[in-house]
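Starting from 1, each residue takes its place in the sequence as its number. In this text, all values refer to a predicted model and were calculated from it rather than measured experimentally. Both ligands and their constituent atoms are indexed starting at 1 by order of listing.
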Amino acid sequence: MADLDDLREGSRFGVGVPVANQSFHMKGCDNLSWGMKDRLSRVFNPKTGKSVMLAFDHGFIMGPTSGLERIDLNIAPLMEYADCLMCSRGILQSSVPANTNKPICLRADAGTTILTGLNDNVIIDVEDAIRLNASVMAVMLAIGDSAMEAKTVANLYRAADAGAKYGIPVMGITAVGTDMARDSRYFSLASRVCAENGANIVKTYYCDGFENVVASCPVPIVIAGGKKLEELDALELCYKAINDGASGVDMGRNVFQSENPIAMIQAVSAVVHEGMTPKQAFELYETIAKK
Ligand code: 5RP
């Protein structure tokens, strides 16, 4: 029989097994409800505290993006290697088998397309997110966009209210539009605004001084990958982000547009969960790609 000391140490149960008096494994989440913590634990591995989220939500703004033309062919084979799948409700219902058994980060905002610019202006009904068994609802914020800032901050606020009511965490996404030339001051401000308005997770971009973005944000941060890079460069981006305090990646194009997406997602996962260096992870990528 385990006594209390065993439980505290987790000694008989192996490293990483949650114990009775341990605080939650994610920054800033100790005061959340049980349901929120349960959903977050499905997305962020309790042993590593990290997550590899596979983002394929691009089509809801951009249409059939390169590499996302066929979800059944391009994305389905990658799902088993991801900790969480991020997509719109239309793709979820039509193209993700319901027995995939992966937590879903549901794109919960909607509005316009790439043809008219960033202009998200509604959030989906939380009941729809519940019906779809979403583990996270994701909402974009256009910080610094004078036309859209207030609207998108209000979207996040409403999503966080609905999420709190039903125990569904909300991710705030700091959109940059076509202006990628943002610095750590911008991303610190945008990330902090997300958290202050109720985001339980923030998705932003890696930048010089990223450790300051993480330090001033009271909740976990994951990074988007951005435009397609060479595989080694993308792995280096992941490594630097994790090293500087990111809790994971929510990556799309650098996985599904890779020459070998199945090898790439496993290499990314090795960086995020196992601390592999970019060189080691690239070797893993090449080894898997050759098979
Ligand atoms: C856009 C998003 C995308 O999911 C995000 O950009 C991730 O994809 P990528 O790694 O291709 O940048 O949230 O609002």
Side-chain angles (χ1 to χ4, degrees), residues 43 51-69 71 74-75 78-79 81-92 96 103-114 116-124 134 136-145 148 152 155-156 159 170-180 182 187 190-191 194 199 201-207 221-231 233-238 240-242 246-258 261 264-265 267-269 271-272:
V43 177
S51 185
V52 174
M53 306 172 78
L54 177 62
F56 49 102
D57 58 324
H58 308 58
F60 95 110
I61 292 178
M62 293 159 71
T65 315
S66 165
L68 286 185
E69 295 87 350
I71 301 298
N74 307 134
I75 298 299
L78 308 178
M79 291 177 185
Y81 304 106
D83 297 308
C84 175
L85 307 177
M86 180 184 189
C87 61
S88 66
R89 65 178 177 180
I91 288 296
L92 185 64
V96 178
I104 301 301
C105 176
L106 186 68
R107 190 74 208 207
D109 52 358
T112 51
T113 70
I114 196 167
T116 53
L118 280 179
N119 191 11
D120 287 15
N121 51 29
V122 293
I123 56 168
I124 67 167
V136 177
M137 295 188 290
V139 175
M140 182 275 287
L141 277 83
I143 300 297
D145 177 327
M148 285 312 301
T152 56
N155 282 347
L156 173 71
V170 170
M171 171 194 273
I173 304 171
T174 70
V176 288
T178 49
D179 183 6
M180 288 296 298
R182 303 286 199 175
F187 288 122
S191 300
C194 287
I201 314 163
V202 173
K203 169 168 164 173
T204 190
Y205 289 86
Y206 185 78
C207 58
I221 291 187
V222 296
I223 62 149
K227 285 191 184 141
K228 171 79 177 69
L229 305 167
E230 292 297 320
E231 277 73 9
D233 294 339
L235 292 168
E236 192 145 337
L237 177 76
C238 296
K240 287 200 284 195
I242 296 296
S247 297
V249 300
D250 187 8
M251 204 168 240
R253 288 163 287 180
N254 277 291
V255 172
F256 61 71
Q257 290 177 355
S258 165
M264 190 59 183
I265 192 165
V268 168
S269 186
V271 172
V272 171

Asn254 N/O to ligand 1 N/O under 3.5 Å: no

Residue pair Thr174 / Val202: nearest heavy atoms and the distance that separates them: CG2-CG1, 4.1 Å

Side-chain heavy-atom pair Ile124, Leu106 within 4.5 angstrom cut-off: yes

Atom 8 (O) of ligand 1 - nearest protein heavy atom and its distance: His58 NE2, 3.0 Å

Whether Phe187 and Tyr205 hold their rings parallel, tilted or perpendicular, with breakpoints at 30° and 60°: tilted

4.0 Å heavy-atom contact, Lys227 with ligand 1: no

Minimum side-chain heavy-atom gap Tyr81-Val255 below 4.5 Å: no

Ile173 vs Arg107 side-chain heavy atoms within contact, under 4.5 Å: yes

Minimum-distance pair of heavy atoms, taken over all atoms of Ala142 and Met148: CB-CB, 4.0 Å

Protein residue, atom and distance nearest to atom 4 (O) of ligand 1, heavy-atom basis: Asp57 OD1, 2.5 Å

Over 12 foreign heavy atoms within 6.0 Å of CD, Glu230: no

contact_flag Phe256 ligand 1 heavy-atom lt 4.0 Å: no

Under 4.0 Å to a heavy atom of Arg107 - the qualifying atoms of ligand 1, by number: 1 (C), 2 (C), 13 (O), 14 (O)

contact_flag Ala175 ligand 1 heavy-atom lt 4.0 Å: no

For Arg253, atoms of ligand 1 separated by under 4.0 Å from a heavy atom: 9 (P), 10 (O), 11 (O), 12 (O)

Lys228 touching ligand 1 at heavy-atom level, < 4.0 angstrom: no

Min N/O separation Gly252 to ligand 1 under 3.5 Å: yes

Those atoms of ligand 1 less than 4.0 Å from some heavy atom in Tyr205: 6 (O)

Distance filter under 4.0 Å to Ala55 heavy atoms, resulting ligand 1 atoms: 4 (O), 7 (C)

Validation row: Met140, Lys203 side chains within 4.5 angstrom (heavy atoms): no

Any Asp250 heavy atom less than 4.0 Å from ligand 1: yes

Euclidean distance, Leu54 CG relative to Cys87 SG, rounded to 0.5 Å: 9.0 Å

Which residue and heavy atom of the protein sit nearest atom 7 (C) of ligand 1, plus the separation: Lys203 NZ, 3.3 Å

Geometric N/O contact Gly226 with ligand 1, under 3.5 angstrom: yes

Met251 to ligand 1, any heavy atom closer than 4.0 Å: yes

Side-chain heavy-atom pair Ile75, Leu68 within 4.5 angstrom cut-off: yes

